K.L.:
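Structure provided below as structure tokens; questions to follow.
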Amino acid sequence: MMRSRPRLASLFTPDGALRMPNIPVELVGREEIRAGGERLQSQWDFFVQTTHPGTILLDGDTATGRAYIQELARTLDGRQGLNYAVYHDRYQRTAEGWKFTERVYEVRYLDTSPLAGTAPRAEQGSGTNRTDATASPAPAASFADPASAERLERAATALRAGGFAAEILDDAAAARARIDELVPEGASVLTGASETLRLSGIDEDINAGGRYDAIRPRVLAIDRATGADEIRRLVAGPDFVVNSVAAVTETGSLVLASGSGSQLPANAGGAANAVWIVGAQKVVPDLSTALRRVEEYALPLENARAQAAYGMPSAVNRLLILNAETRPGCGTVLLLREAIGY
């Protein structure tokens, strides 16, 4: 429910398995469970699961149990319904606490009839909030919903008017190929700490592919206590910075958020060239909505990822807003028709 797939995967043993024979899907190992969850999440319009734990039978350092669940869901392609299911679980006691070794998902009842309900609208009445069940619900797009083709075009047009190069591509695979064309072999390239880059494979292409002078592996090899100045100079002025953003507005602004601020100088103009890959769900109407997206949507997801990966929370300590490109052609925005990252 928190949309933290890394955190979910960390609840399994390294070789743990999530099996859903009714779908059918079988995911073995934390990486498959994380990636599979992200693929599934990208398909939802909404998804709500209510879980009722059952009896757990303990047997030394192992155990078995069940969880009974009710799910209400609608996908982006219009499929919807209600189901009841059971998780058949096996657990293992580890040094990090109890973990799942296996979850087997069994559907016991499925109703694919169109869902009749709607979200109620809260209105002001007599000085207090009330819910008017007879009023039409106020439309509100989720920050996870991909923007329409018209909204992508509006954002691209506004970005170009501000001096950015803006392209609309089908998906992450197209962006991955476009990076090869935009960034010359041998260029020094800094990648941002971006789920979009990781999920698309662009991060691995740049930092492990051998085609570029990748900055991030060099930084990770430097002792932070003694080499802070060297790190600062390396990340501030590469030939290219390749990154994503937290939001792009239909009025032509890019918004980046950071906990440490270390990657922001290159994005702000320190790099000779910049390329930002942006999933369709990051397009918002205006700057105020972009800032809401950072705080209400991106930060909780990044905080959960940071807790799982580093054992520490994240925070929006630095914000960068790019309203125009003062060196036309040096900043390129690749807008995708699909949602990716957060």
Side-chain angles (χ1 to χ4, degrees), residues 143 146-184 187-197 200 202-203 206 212 215 235-258 261 263-294 298 318-342:
F143 286 135
S148 65
E150 292 78 12
R151 294 180 61 208
L152 285 170
E153 286 291 350
R154 281 199 295 272
T157 299
L159 287 165
R160 292 174 191 133
F164 296 99
E167 305 175 20
I168 299 176
L169 305 176
D170 282 338
D171 51 28
R176 193 173 181 178
R178 187 71 176 110
I179 291 294
D180 281 347
E181 297 170 347
L182 290 170
V183 184
S188 62
V189 185
L190 173 69
T191 54
S194 161
E195 282 294 280
T196 298
L197 299 191
S200 65
I202 292 171
D203 186 280
I206 292 173
Y212 307 109
I215 300 298
V235 300
D239 296 331
F240 278 82
V241 61
V242 177
N243 205 355
S244 188
V245 301
V248 58
T249 73
E250 292 175 47
T251 55
S253 296
L254 302 172
V255 178
L256 293 85
S258 176
Q263 63 181 338
L264 297 186
N267 287 270
N273 300 274
V275 182
W276 298 281
I277 299 93
V278 185
Q281 83 282 15
K282 298 185 179 184
V283 176
V284 297
D286 49 38
L287 191 55
S288 62
T289 310
L291 298 179
R292 278 186 49 233
R293 188 182 194 280
V294 171
R318 302 286 193 277
L319 269 173
L320 175 63
I321 300 172
L322 303 176
N323 292 321
E325 176 55 75
T326 58
R327 301 169 298 163
C330 291
T332 300
V333 183
L334 303 180
L335 294 168
L336 308 186
R337 293 187 176 94
E338 69 171 3
I340 185 170
Y342 50 72

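Note that the structure is a prediction, hence the values are computed from the model and not measured.
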K.L.:
So which atom in P265 and which in G261 form the shortest heavy-atom distance, rounded to 0.1 Å?
P.N.:
CD-O, 3.2 Å
K.L.:
Taking R293 for its side chain and A246 for its backbone only, find out whether a donor-acceptor pair lies under 3.5 Å.
P.N.:
yes
K.L.:
Check residues 327-342 and write down every donor-acceptor pair under 3.5 Å in which the side-chain atom is one partner and the other belongs to a residue at least two apart or another chain.
P.N.:
from: R327; atom 1: NH2; to: A271; atom 2: O; distance (Å): 3.1
from: R337; atom 1: NH1; to: D170; atom 2: OD1; distance (Å): 2.5
from: E338; atom 1: OE2; to: A172; atom 2: N; distance (Å): 2.8
from: Y342; atom 1: OH; to: E302; atom 2: OE1; distance (Å): 2.5

K.L.:
Going by the side chain to side chain contact (heavy atoms under 4.5 Å, CB included) test, name the single residue among N243, L169, V245, I179 that passes it with I277.
P.N.:
I179
K.L.:
Taking all non-hydrogen atoms of both residues, which atom of V255 and which atom of A290 are closest, and how far apart?
P.N.:
CG2-CB, 3.9 Å
K.L.:
When you look at I202 and T191, which way does the side chain to side chain contact (heavy atoms under 4.5 Å, CB included) test go after all the steps?
P.N.:
CA-CA 9 Å; I202 292 171; T191 54; 5.7 Å; no
K.L.:
State, to 0.1 Å, how close P238 and I215 come at their nearest heavy-atom pair, and which atoms those are.
P.N.:
CB-CG1, 4.3 Å
K.L.:
Write out all pairs satisfying salt bridge (charged side-chain N to carboxylate O under 4.0 Å, His left out) with one or both partners inside residues 235-258, taking only residues at least two apart or from two chains.
P.N.:
R151-E250, R154-E250
K.L.:
Are the side chains of L152 and V283 in touch, meaning some heavy atoms are under 4.5 Å apart?
P.N.:
yes
K.L.:
Roughly how far, to the nearest 0.5 Å, is the CG atom of L254 from the CZ atom of F164?
P.N.:
4.5 Å
K.L.:
On a heavy-atom basis, which atom in D171 and which in A174 lie closest, and how many Å separate them?
P.N.:
OD1-N, 3.0 Å
K.L.:
So do T289 and T249 actually touch side chain to side chain, heavy atoms under 4.5 Å?
P.N.:
no
K.L.:
Supply the atom-to-atom distance L322 CG to L264 CG, rounded to the nearest 0.5 angstrom.
P.N.:
9.0 Å
K.L.:
With rounding to the nearest 0.5 angstrom, report the OH to CG distance, Y212 to L190.
P.N.:
14.0 Å
K.L.:
Would you sort out whether L291 and L319 count as a side chain to side chain contact (heavy atoms under 4.5 Å, CB included), showing the intermediate values?
P.N.:
CA-CA 9 Å; L291 298 179; L319 269 173; 4.1 Å; yes
K.L.:
Rounded to the nearest 0.5 Å, what separation is found between the OG1 atom of T251 and the CG atom of L287?
P.N.:
7.0 Å
K.L.:
How long is the gap from CZ on R318 to CD on Q263, to the nearest 0.5 Å?
P.N.:
12.0 Å
K.L.:
Would you mind listing every salt bridge (charged side-chain N to carboxylate O under 4.0 Å, His left out) that reaches into residues 269-292, with sequence neighbours excluded?
P.N.:
R292-E296
K.L.:
Just verifying a value: how many Å separate S188 OG and F240 CZ, rounded to the nearest 0.5 Å?
P.N.:
9.0 Å
